Amino acid sequence: MTILDFLRKVLRHLAALLLFRSSLKTSSVSPKSSNKEFTVVETTENIRTLDSLKDEIMRLFRQPCNIRRMLSMSSAIRIQYKARLRDSEACMLPSFSHTLPSGQETGTYVSLDVGGSTFRVAIVALSGREGQSTPMCIEHMSTFRIDERIRRLPSKEFFDWMAGSIQATLESQSRDWPSDQPLPVGLAWSFPIEQTSHRSGKMQNMGKGFACHEDTIGMDLGTLIEAACAKRQLNVSVNAIVNDSSATLLSQAYLDPATSMGLILGTGTNAAVYLPTSCMGLSKFGTRDQSWFQSAGKVITNTELSMFGKSILPQTRWDEILNREHQHPDFQPLEYMTTGRYLGELLRLIINEAVDTRDLFDGNMPLALTEPYSLDTQTMARLEQDSSSDMGDSISMIKTTFELKVPPSIEEVTFLRTAAEMISYRASAYMAVAVHALWALQKDVDINPVTDKGCPKTSIACNGSVILKYPGFKNRCEDLLRQMVNEASPATSSLAKESIVLQATEEAAIYGAAVAVALAETH
Ligand code: GLC
């Protein structure tokens, strides 16, 4: 311990002692005079233990998560959805895809998937869901890591890098693509985009640390990719561009007609929903041919779900710090409380307070955690996964991950585990709220999906590391969602009988991009 650490510790103890004495004084003046004063004594004294902070965390994170409160949050969010459906330029963005796949589309396509940390190029064969054991299959896939260097590339270099990766993938396959016409490709894009047709869209701020939008905002994404490929004598035509949430919806709708929503919950969150065009303001559609409106009764809509929930989803003091110190405060309230990028940061902020006020880790912030966003959400998942009776696995994992000199005590890892459980519990509850509100919105506008046997069912296609891999997350979220539906619908109503499932998908972005090209060919 450095001399500075020692002095900090002494000061902290002195401050706690003073606080304790002043609270005792309150109680000795009028010990029974009012419950309120008595409570003050209790709270102030409790403030000093790790256990009391643990209780407070449990209370703050769990209190908003009872079904009745969640239902009233869902109603409030549905009002936000409806307002943004009228005129927002940032969310509730209608795509050009107005039909869901029939599952009979067939063909072989090249799919591109640009995510936050990987670029994937795949050759996908669609054979139709009727009587096929594998209706869709990835015949080949190459994965290219997008590291910090790639993320920071300016547009010219970034699209060149993409074109090089596409070329390398195609050349690694001995296939005879028709040489007299451009190779049709579909693109799943995990960033916002202002769609101008099935196959085009204006670049917008990408977020997630990328730089290639900086000199291309407003330019056409499809053209940028095609031009970079042309420089390498690669004749490709980007025939479909879809957001990753829409790709998820399309890939599962190809297999199951009851799919009417796609949900992403990984580093970021988003959802795509199938909605009637009539529930949107005209300005939302930009310039489109009259013929599009004539054939489009419904449309796949990119909600940009992460932006909802402000002033509706209760926050704790740690959420407030995270938001205040964020580059874009208030920009994506739901995302800041639910996704892989932020869950670990919430735990880090709690640890920071516990180190400062409760002597966690002897009052020293682990060096490995001093930088914002240095606590990986995976560490939380590992804490929750520990089934050893003495928390032995967590003790050694935390010692290594936080680079501690001495192993943490059982009390300390128990504190960390409870905090992790509370943060992830609330995240699943808030996701259930946001999804329930989308489901209720669909009911309001008569979107009533059915299975191929005609039974009412809403299948929500899911993708992303948190929803698919975080221990217990998907099941809990689904369970809360069902409880909300049951609580709100009289037992006799048809809604109470409708089944609602969070359907895990595999390689949804890659398959969805291929389905999007196949669908575009039928229009
Ligand atoms: C971010 C993007 C959104 C994307 C989501 C999931 O929220 O804004 O477009 O769908 O991450 O990748």
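Keep in mind the model is a prediction, meaning the values are calculated, not measured. Both counts, for ligands and for their atoms, begin at 1 and track the order of listing.
- Taking the six-membered ring for Trp and thresholds of 30 and 60 degrees, Phe293 and Phe285 have ring planes more than 60 degrees apart, a perpendicular arrangement.
- Ranking protein heavy atoms by distance to atom 11 (O) of ligand 1, first place goes to Lys208 NZ, 3.1 Å.
- Nearest to atom 9 (O) of ligand 1 among the protein's heavy atoms is Glu304 OE2, 2.8 Å.
- Interface atoms of ligand 1 facing Gln332, defined by a heavy-atom separation under 4.0 Å, are 7 (O).
- A salt bridge between Arg317 and Glu320 is absent, with no side-chain N of the basic residue lying under 4.0 Å from a carboxylate O of the acidic one.
- Of the polar atoms of Glu335, at least one N or O is found under 3.5 Å from an N or O of ligand 1, judged by distance alone.
- With respect to Arg84 and Glu304, no salt bridge is recorded, no charged nitrogen being found less than 4.0 Å from a carboxylate O.
- With a heavy-atom cut-off of 4.0 Å, Asn243 touches ligand 1 through its side chain alone.
- In terms of N/O distances under 3.5 Å, ligand 1 is approached by Asn270.
- The closest donor-acceptor contact from the side chain of Thr269 to the backbone of Ile264 lies under 3.5 Å.
- Residue Ile264 has at least one heavy-atom neighbour below 4.0 Å for each of these atoms of ligand 1: 6 (C).
- Contact record, Tyr336 with Asp330: CE1-N, 4.0 Å, taken as the closest heavy-atom pair.
- Each of the atoms 5 (C), 7 (O) of ligand 1 lies under 4.0 Å from some heavy atom of Thr269.
- If you number the atoms of ligand 1 from 1 as listed, the ones under 4.0 Å from a heavy atom of Pro192 come out as 8 (O), 9 (O).
- Both tests hold for Arg341 against Tyr373: distance to the six-membered ring centre under 6.0 Å, angle to the ring axis within 45°.
- At the shortest separation from atom 6 (C) of ligand 1 among protein heavy atoms lies Asp244 OD2, 3.4 Å.
- Close approach of ligand 1 to Phe191 is summarised as follows: ligand atoms under 4.0 Å from at least one heavy atom of the residue are 9 (O).
- Asn302 CG to Ser95 OG: the interatomic distance, rounded to the nearest 0.5 Å, is 8.5 Å.
- Checked for salt-bridge contact, Lys443 and Glu498 meet the test: a charged N lies under 4.0 Å from a carboxylate O.
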